[in-house]
Protein chains: 2
Amino acid sequence: MDRMRIGELTERAGVTQRTVRYYESIGLLPSGEREGNGHHYYTEETVARLRKIDQLKKLGLSLEEIRDVIELYFTDPSGVQPKRKVLGLLRRHLADTDKKLEALGQFRADLQSHIERFERWLETNDRI
Amino acid sequence: MDRMRIGELTERAGVTQRTVRYYESIGLLPSGEREGNGHHYYTEETVARLRKIDQLKKLGLSLEEIRDVIELYFTDPSGVQPKRKVLGLLRRHLADTDKKLEALGQFRADLQSHIERFERWLETNDRI
DNA sequence: TACGAACATGACGTTAACGTTATATTCTAA
DNA sequence: TTAGAATATAACGTTAACGTCATGTTCGTA
């Protein structure tokens, strides 16, 4: 009972069929197995994958970048060399993420100080 | 001597002329004053503005979002109502930023834990 | 003053990440 | 079994943020 077609998949994952097919076409999503009739069938994992992709997108990762990391959420590369390779990738992503975090923190501080400036101004000048 | 033309502007700000003209066209950058000849002239502030825009872009803000906040870096809205309006905008941006920070922090933690997992694996299985 | 460099303007091109028909086939329920 | 819903595939459309000519005018200097 864990096999579903694209209709149920997209409803549960909150994306459109076009999105699923697009992801399949760029190799971001393994294209579901097909029956003799041509229809694709998906599983729970596909739903989870789509949700994870959505999360990563919200972090500002491009689909290409996501393709680099999505696998390690659902599979384990076997062998020392593949694991080393993925580890390198992950470390780069971590460094990038730290940079983003710092910049975003700075931006937050800027916003905060602007907000306080406006608040002070309004507090002293408002009650005319 | 603080008046420059687009060539110097773009060199100092690290953007192309196309970018400057595009920003002018969408109202993100005030289009430089023009002489009788048709040439635009810019100032130090334009350089600073372009750099600030670039910073904000790196935070994942769209040019439209940047247009909402860029002014308050370089001007002060006068009057209580305008200031209230900008304050509201700023608070929304602050809330958005906090959400992004949280998501990004979570992603960082995920990455970190994956990295550690791989490191442990390699440490115990590497020296065959 | 002449000529190459700089500038202005217009228009078509590009990439990412899908949206939106259009058409054909398959599934499902009455 | 047959109409309507779901699916597959192809192809053209869309938005953001510019890139890349093409053409014409202006600037600066030899």
Side-chain angles (χ1 to χ4, degrees), chain A residues 1-43 46-47 49-70 93 96 100, chain B residues 1-43 46-47 49-70 93 96 100:
Chain A
M1 255 321 160
D2 64 331
R3 289 158 51 74
M4 60 188 101
R5 292 185 309 186
I6 199 166
E8 191 180 343
L9 173 69
T10 57
E11 188 179 346
R12 301 198 32 206
V15 301
T16 70
Q17 304 194 0
R18 182 66 174 89
T19 297
V20 170
R21 301 217 169 90
Y22 177 63
Y23 288 177
E24 288 176 348
S25 81
I26 63 171
L28 180 54
L29 209 64
S31 60
E33 298 172 26
R34 323 182 53 158
E35 302 278 282
N37 48 37
H39 290 181
H40 296 252
Y41 288 83
Y42 307 88
T43 71
T46 321
V47 178
R49 250 182 126 99
L50 282 170
R51 292 203 175 125
K52 183 52 95 175
I53 290 172
D54 203 50
Q55 282 178 34
L56 298 180
K57 274 184 54 185
K58 285 182 180 156
L59 300 179
L61 301 204
S62 70
L63 295 186
E64 200 177 337
E65 291 171 313
I66 293 175
R67 196 171 41 189
D68 287 348
V69 296
I70 190 72
H93 275 284
D96 289 356
K100 271 190 197 172
Chain B
M1 254 321 161
D2 66 332
R3 290 158 50 73
M4 61 188 102
R5 292 184 307 185
I6 200 168
E8 191 180 344
L9 173 69
T10 56
E11 189 179 346
R12 299 197 35 205
V15 300
T16 70
Q17 304 194 0
R18 183 64 174 88
T19 298
V20 170
R21 301 217 169 92
Y22 177 62
Y23 287 177
E24 288 177 348
S25 81
I26 63 171
L28 180 55
L29 209 63
S31 60
E33 298 173 25
R34 323 182 53 158
E35 303 277 282
N37 50 34
H39 289 181
H40 296 254
Y41 287 84
Y42 308 87
T43 71
T46 321
V47 178
R49 251 181 126 99
L50 283 171
R51 292 201 176 127
K52 183 53 93 175
I53 290 172
D54 203 50
Q55 282 178 34
L56 298 180
K57 275 185 54 185
K58 286 182 181 158
L59 301 179
L61 301 204
S62 71
L63 295 186
E64 201 177 336
E65 291 171 312
I66 293 175
R67 196 172 41 189
D68 288 347
V69 297
I70 189 73
H93 275 284
D96 289 356
K100 271 190 199 172

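So that the names make sense, note that chain A is the first sequence line, chain B the second, and so on, each numbered from 1.
Rounded to whole angstrom, the span from the CG atom of B:Leu50 across to the C1' atom of D:dA17 amounts to 14 Å. Atom OH of B:Tyr41 and atom P of D:dC27 are 7 Å apart (whole Å). As a whole-Å value, the separation of A:Arg21 CZ from C:dC18 P is 15 Å. The interatomic distance linking B:Glu11 (CD) with C:dA6 (P) rounds to 10 Å, in whole Å. Going from atom CZ of A:Arg67 over to atom C1' of C:dA16 covers 12 Å, rounded to whole Å. Rounded to whole Å, atom C1' of C:dT25 lies 15 Å from atom CD1 of A:Ile6. Distance CD (A:Gln17) to P (D:dA6): 9 Å, rounded to an integer number of Å.
B:Tyr23 comes within 4.0 angstrom of the backbone, heavy atoms only, and of no base.
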Which atom pairs, donor and acceptor, lie under 3.5 Å between side-chain atoms of residues 52-63 of chain A and protein residues at least two apart or in another chain?
from, atom 1, to, atom 2, distance (Å)
A:Lys52, NZ, A:Gln55, OE1, 3.3
A:Ser62, OG, A:Glu64, N, 3.4
A:Ser62, OG, A:Glu65, N, 3.2
A:Ser62, OG, A:Glu65, OE1, 3.4

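Residues B:Arg21 and B:Ile6 are in side-chain contact: their nearest non-hydrogen atoms beyond the backbone lie under 4.5 Å apart.
Between A:Asn37 and C:dC27 there is a side-chain N or O to OP1 or OP2 distance below 4.0 Å.
Between A:Gln17 and A:Gly7, the shortest heavy-atom contact is NE2-CA, 4.2 Å.
Residue-to-nucleotide contacts include a donor-acceptor pair under 3.5 Å from the side chain of B:Arg18 to the base of D:dT20.
The aromatic rings of B:Tyr42 and B:His40 lie parallel to each other, their planes meeting at an angle below 30°, with 60° marking the opposite boundary.
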